[in-house]
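To keep things clear, I will list the structure first and then write my remarks on it.
The figures that follow rest on heavy atoms only: side chains count, while hydrogens, waters and symmetry mates do not. Just so it is clear: chains get the letters A, B, ... in the order the sequence lines come, proteins before strands, and each one is counted from 1.
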Amino acid sequence: MTLEQLLADTKPVLLDIQQRNLAEIEQARDWQAKYRVLMQLGKKLPAIPEKMKQPELLVKGCESRAWLMHYHDKATDKHYFVLDSEARIVKGLMAIMLCLVNGMTTTELCQFDLCHKFDQLNLKPYLSQSRGNGLTAMVSRIKQCCK
Amino acid sequence: MTLEQLLADTKPVLLDIQQRNLAEIEQARDWQAKYRVLMQLGKKLPAIPEKMKQPELLVKGCESRAWLMHYHDKATDKHYFVLDSEARIVKGLMAIMLCLVNGMTTTELCQFDLCHKFDQLNLKPYLSQSRGNGLTAMVSRIKQCCK
Amino acid sequence: MPAFDVQQFRQQFAFFQQQPEWVYLDNAATMHKPQAVIDAITQFYQHYNSNVHRGAHQLSQQATILFEQARSTVASYINAQHLHEIIFCSGATAALNQIAFGLMHTVLQPGDRILLTQLEHHANIVPWQLHCQRHGVIIDVVPLTAEHRIDLVAYEQLLALGPKVVSFSHISNVLGHIQPVAEMVRLAKAAGAVTVIDGAQGIVYQQPDMQQLDCDFYVFSGHKLYGPTGIGVLYGKTEQLEHLTPIFAGGEMIDSVSFINTSFNKLPFRLEAGTPNIAGAIGLSAAIEWLQKYNNKQIIQHKSLLLKEFYNGLTFIKGIDILSSHVHNAGIVALNVDSEHPADVAELLNQQQIAVRSGQHCAMPLFSCLARPGAIRCSFAAYNTLDDVNRCLLALEQTVEILTA
Amino acid sequence: MPAFDVQQFRQQFAFFQQQPEWVYLDNAATMHKPQAVIDAITQFYQHYNSNVHRGAHQLSQQATILFEQARSTVASYINAQHLHEIIFCSGATAALNQIAFGLMHTVLQPGDRILLTQLEHHANIVPWQLHCQRHGVIIDVVPLTAEHRIDLVAYEQLLALGPKVVSFSHISNVLGHIQPVAEMVRLAKAAGAVTVIDGAQGIVYQQPDMQQLDCDFYVFSGHKLYGPTGIGVLYGKTEQLEHLTPIFAGGEMIDSVSFINTSFNKLPFRLEAGTPNIAGAIGLSAAIEWLQKYNNKQIIQHKSLLLKEFYNGLTFIKGIDILSSHVHNAGIVALNVDSEHPADVAELLNQQQIAVRSGQHCAMPLFSCLARPGAIRCSFAAYNTLDDVNRCLLALEQTVEILTA
Ligand SMILES: Cc1ncc(COP(=O)(O)O)c(C=O)c1O
Ligand SMILES: Cc1ncc(COP(=O)(O)O)c(C=O)c1O
């Protein structure tokens, strides 16, 4: 497995999330339904094979670990990511974030405001400043990629 | 000057305090009057000459220094003290305490409750636990002498 | 004495009126505060606020009296022999750091050994690691039995290596297991070691008796005993405290200062540099005074009842992996849902307004030995009710359902 | 903006309603707390109490948000560049100890020099002494001028010796003299030294701007800024904080722990071991937010007015020995009654319900150079009134009368 392959596998999943699942989440009739979708997203997103999980890819939250791989297409100045997490719900949230940022240019990435987007999806509560939340750590790691 | 001489000089002063000044303090018409008496007591009590103020005699309060000398008459098991303080009011208070404890036996000294006595004289507020108050330190130093 | 009335007890916590929809089972992280504690703090600031041990004036003397009364309340609660054996500090972590730092070069020399256990909280590991590494002191670690308890056979064997200091927790903050501290202290003392007990969880379970327990040090935090944040207690026997090099230097802990020579004040002031957390000490003392209005035996009974109910309920939920034993348990249960990550479990409980903590609970070495990535922890307090237990069980059931759907 | 209304300001302090007969002039020791601060603490405990940075649940997340907002309030108040440059600790003393301990072996090597001044508070002397002695670092001391101010000529000469660290107070806690800190920082930086400012008294006088002042460290206590006891701030530039060895180790300040190897978390957590004083940080932040409703220029003006009136009144009392200059004075006046012990003066003022402190104010080296056994200190705050000044003057007159009768 290579980064290229993972990126290729990830792309259609993200597209599908964007086209179908985001609406599902917005329209979920109760929290149970919303979480079921979130966990499905996590499952859909290709996992990073254990062997590739190098220590430098680790993004730590207090409660669960996650990994981030980054590819910068210099020709188009676009950024692509692959990620994985131990925890299913966090991975689902990260999948949503990913389908928002994947393929952004450096400028777009720098300006990207996850808070705002998550607010629209009624997911803002998951972006707490608590270190417990791996998502916040993931966002700042992603933001570092545009520096 | 020797400790014997100091003790001898101190004795009549304490007697006079007991016979005259304690009543004056109890009957003082206002705090000004009470403090005037207190400061007179301080003045009356013989000072320990500078040369005799060895470091080991020092009893520290936070705000002023005081010195204590102790003599134990083994024959009668009676304890005698001489003391001095930089601060006039504290010295006055110590003089009162001294005339209460001077000549006590070891057992009497151990059982002595300054709090109670000072309460009778309306002087209890001066016995705070604050280290600022040299009097408390002096009492515990005196109590150590009976160990 | 009348039976323990949990509703009466619980009503004294404004928090539960403000957040009636929540089931709070994160008591091992921090406890809620009865109104008596909040009132004591307010009262202090409104009526008596002043710095202590410094004042020429009566206001400061009043504040000093209140502060020293707080010391006395703590001292008599844990039956310390002397008032000056109670050192106020900012919490259990600060206290353990003071001890680890303070024993180096006095009690601990290069080449000496100390003994910890595998289930310690980081606060009882990392301070030792840092200072021991610097000073060439060797750390031994008591392993656990299959039941996740301190292995007393191994303990005795490691004591035979002659550690100068032994430090262990009264109650595991992850598992809730009550250690046989009296026995452990006895053995350690027989081996000639200085004994340190991390009482962060122990203090709220029972009223420890220092003279009976006979340990050299015992530490705890106010915020885990119904008290304010930012205050803690370092208890030490006089002769042990005398050995401790202060980790903080500053105002009031010295007797005289010059640029040539500085001499220290006496205990407890020598170990309390700077303005103390006056309101914190007064709040902690209010917590203790308030708590003493209740019968601790009844509180323990009430908590066992909750625990029994909880364990019982758990047997009806499929796929629960319980790490804590219910015997000798102070009211903390660590568990997992089979093959699910604890963060997911905790998040789904959170959605149902059940507050538990998940993760490794600042006890990574314990988890590396439990071979789990973490656990969720349900920790019960005297103000929890059977209803709390049942709501938690229901929510767990629902969680398992969602996760395994 | 309307003029500063001292009565409106003062009304927010319940203390003065509770103790209406007292004139409180011991503000340099600790300040009173406005209702906004007391309410913030109560509100936290009643509504949001939970541990921070640990929780899987929303209550903990709320508490964390409040705690981190407090950090952000402090950061913007002193204009720090980054949030993580604000380290919460238990007070100025703790902060100075952290710095002195933390620089040893990283910035400071055996044989290096550091520079302090003759008028420092013990909290800015003794921590350096202890660690410097242990690690073979030499302390130089800047002497004072005849006006009891830092001698800048000598300062430059001592800087030429190449100290690695220079530490001095923003405002003398005894004399009230405002040091030329901007200039001193500039000179120290030109000499290549790390600069530490003890802002315990400075913080309440003016809102310091970290980026403009450009010092490496600035520390203060909450309780001297209308805030709670038990909380303080260690500000440091990122690159300087990175150099600091933590004085406390424990929960949340490490990334991973094993008995083989432990790695640290990032700033600010690396320097905040254990459960922080959550309510304390929130109370401090409430104090700052409340204070910002007022115009600090007007407050400074009001305090100068009090000071002017006080100095003016003192000229009419015989035998007063004033140690503080009225120029560049932040509102603190140290004085004696000729040939009388300050303890006697303070006690007689106390009888008249004037609260001042007497003694050496944790600045013994200053007093050995002033050649006085101590002094009484009248320290003014924004809530003091002209009436307070006049009552103090009258009481001083009465005191002199009694003493010299
Ligand atoms: C100049 C100065 N530095 C340091 C301190 C120590 O502050 P704290 O006692 O709050 O730690 C004080 C206050 O006493 C002070 O005035
Ligand atoms: C067993 C144990 N030790 C030490 C600590 C540290 O306590 P604190 O964070 O209050 O300093 C805790 C709490 O987290 C604990 O449970």
Side-chain angles (χ1 to χ4, degrees), chain C residues 14-15 18 22 29-30 32-33 38 41-42 45-47 49-51 54-59 90-91 93-94 97 122-123 125-127 129-130 141 221 223 228-231 248-251 254 256-259 262 273-275 277-280 346-347 350 355-358 362 364-365 368, chain D residues 14-15 18 22 29-30 32-33 38 41-42 45-47 49-51 54-59 90-91 93-94 97 122-123 125-127 129-130 141 221 223 228-231 248-251 254 256-259 262 273-275 277-280 346-347 350 355-358 362 364-365 368:
Chain C
F15 180 85
Q18 297 297 336
W22 277 90
T30 200
H32 291 295
K33 324 300 174 197
I38 300 172
I41 297 169
T42 300
Y45 284 135
Q46 292 189 341
H47 293 244
N49 179 60
S50 254
N51 213 324
R54 283 163 163 80
H57 52 85
Q58 199 187 316
L59 296 170
S90 60
T93 300
N97 277 277
H122 294 168
I125 299 174
V126 198
Q129 278 185 330
L130 293 186
V141 182
S221 293
H223 72 97
T229 55
I231 187 79
F248 282 167
I254 28 71
S256 75
V257 174
S258 76
F259 281 103
T262 288
T275 303
N277 187 351
I278 308 167
E347 177 50 34
N350 177 47
V356 302
R357 194 180 162 195
S358 89
C362 296
M364 291 187 189
S368 77
Chain D
F15 180 85
Q18 297 296 337
W22 276 90
T30 199
H32 291 296
K33 324 301 174 197
I38 299 172
I41 297 169
T42 301
Y45 284 134
Q46 292 190 341
H47 292 245
N49 179 59
S50 254
N51 213 325
R54 282 164 164 80
H57 51 86
Q58 199 187 316
L59 297 170
S90 61
T93 300
N97 278 277
H122 294 168
I125 298 174
V126 198
Q129 279 185 330
L130 292 187
V141 183
S221 292
H223 72 97
T229 54
I231 186 78
F248 282 166
I254 28 76
S256 74
V257 174
S258 76
F259 280 104
T262 288
T275 302
N277 186 350
I278 309 169
E347 178 50 36
N350 177 47
V356 302
R357 193 178 162 197
S358 88
C362 296
M364 290 188 189
S368 77

>> Quick check on the interface: out of C/Ala94, C/Ser90, C/Ala346, who has the most heavy-atom pairs with chain D under 4.5 Å?
In response: C/Ala94
>> Is D/Ile41 in contact with chain C via its backbone, its side chain, both, or neither, using a 4.5 Å heavy-atom distance?
In response: side chain
>> Looking at C/Asn97 and D/Ala249, would you say the former's side chain and the latter's main chain have a donor-acceptor pair under 3.5 Å?
In response: yes
> Is the shortest heavy-atom distance from the side chain of C/Thr229 to the side chain of D/Tyr45 under 4.5 Å?
Replying inline: yes
>> Out of D/Asn277, D/Leu130, D/Thr275, return the one with the most heavy atom pairs under 4.5 angstrom to chain C.
In response: D/Asn277
> Side chain, backbone, both or neither: which part of D/Gln58 has an atom under 4.5 Å from a heavy atom of chain C?
Replying inline: both
> What class does the angle between the rings of C/His32 and C/Phe15 fall in, given that below 30° is parallel, 30 to 60° is tilted and above 60° is perpendicular?
Replying inline: parallel
> Taking every heavy-atom pair that is under 4.5 Å apart, which of D/Gly91, D/Ser221, D/Cys362 has the most such pairs with chain C?
Replying inline: D/Cys362
>> Quick check on D/Ile278 against chain C: is it the side chain, the backbone, both or neither that has a heavy atom closer than 4.5 Å?
In response: both
> Any side-chain heavy-atom pair from D/Val126 and C/Phe248 closer than 4.5 angstrom?
Replying inline: no
> For D/His223, is it the side chain, the backbone, both, or neither that has a heavy atom closer than 4.5 Å to a heavy atom of chain C?
Replying inline: side chain
> If you take all heavy atoms of C/Ser50 and C/His57, which pair is closest and at what distance?
Replying inline: OG-CE1, 3.6 Å
>> I need the residue from D/Met364, D/Gln46, D/Lys33 with the largest number of non-hydrogen atom pairs under 4.5 Å to chain C.
In response: D/Gln46
> Any idea which heavy atoms bring C/Ser258 and D/Pro365 closest together, and the distance?
Replying inline: CA-CG, 4.3 Å
> Under a 4.5 Å heavy-atom cutoff, which of D/Ile38, D/Leu59, D/Ile125 has the most pairs with chain C?
Replying inline: D/Leu59
>> To check you understand the geometry: which heavy-atom pair defines the closest contact between D/Ala29 and C/Asn51, and what is its length?
In response: O-ND2, 3.0 Å
> Closest heavy-atom contact between D/Gly280 and D/Pro228?
Replying inline: O-CG, 3.6 Å
> Non-hydrogen atoms of chain C under 4.5 Å away: do they reach the side chain of D/Ser368, the backbone, both or neither?
Replying inline: neither
> Who among C/Thr42, C/Ile231, C/Asn49 has the most heavy-atom pairs with chain D under 4.5 Å?
Replying inline: C/Asn49
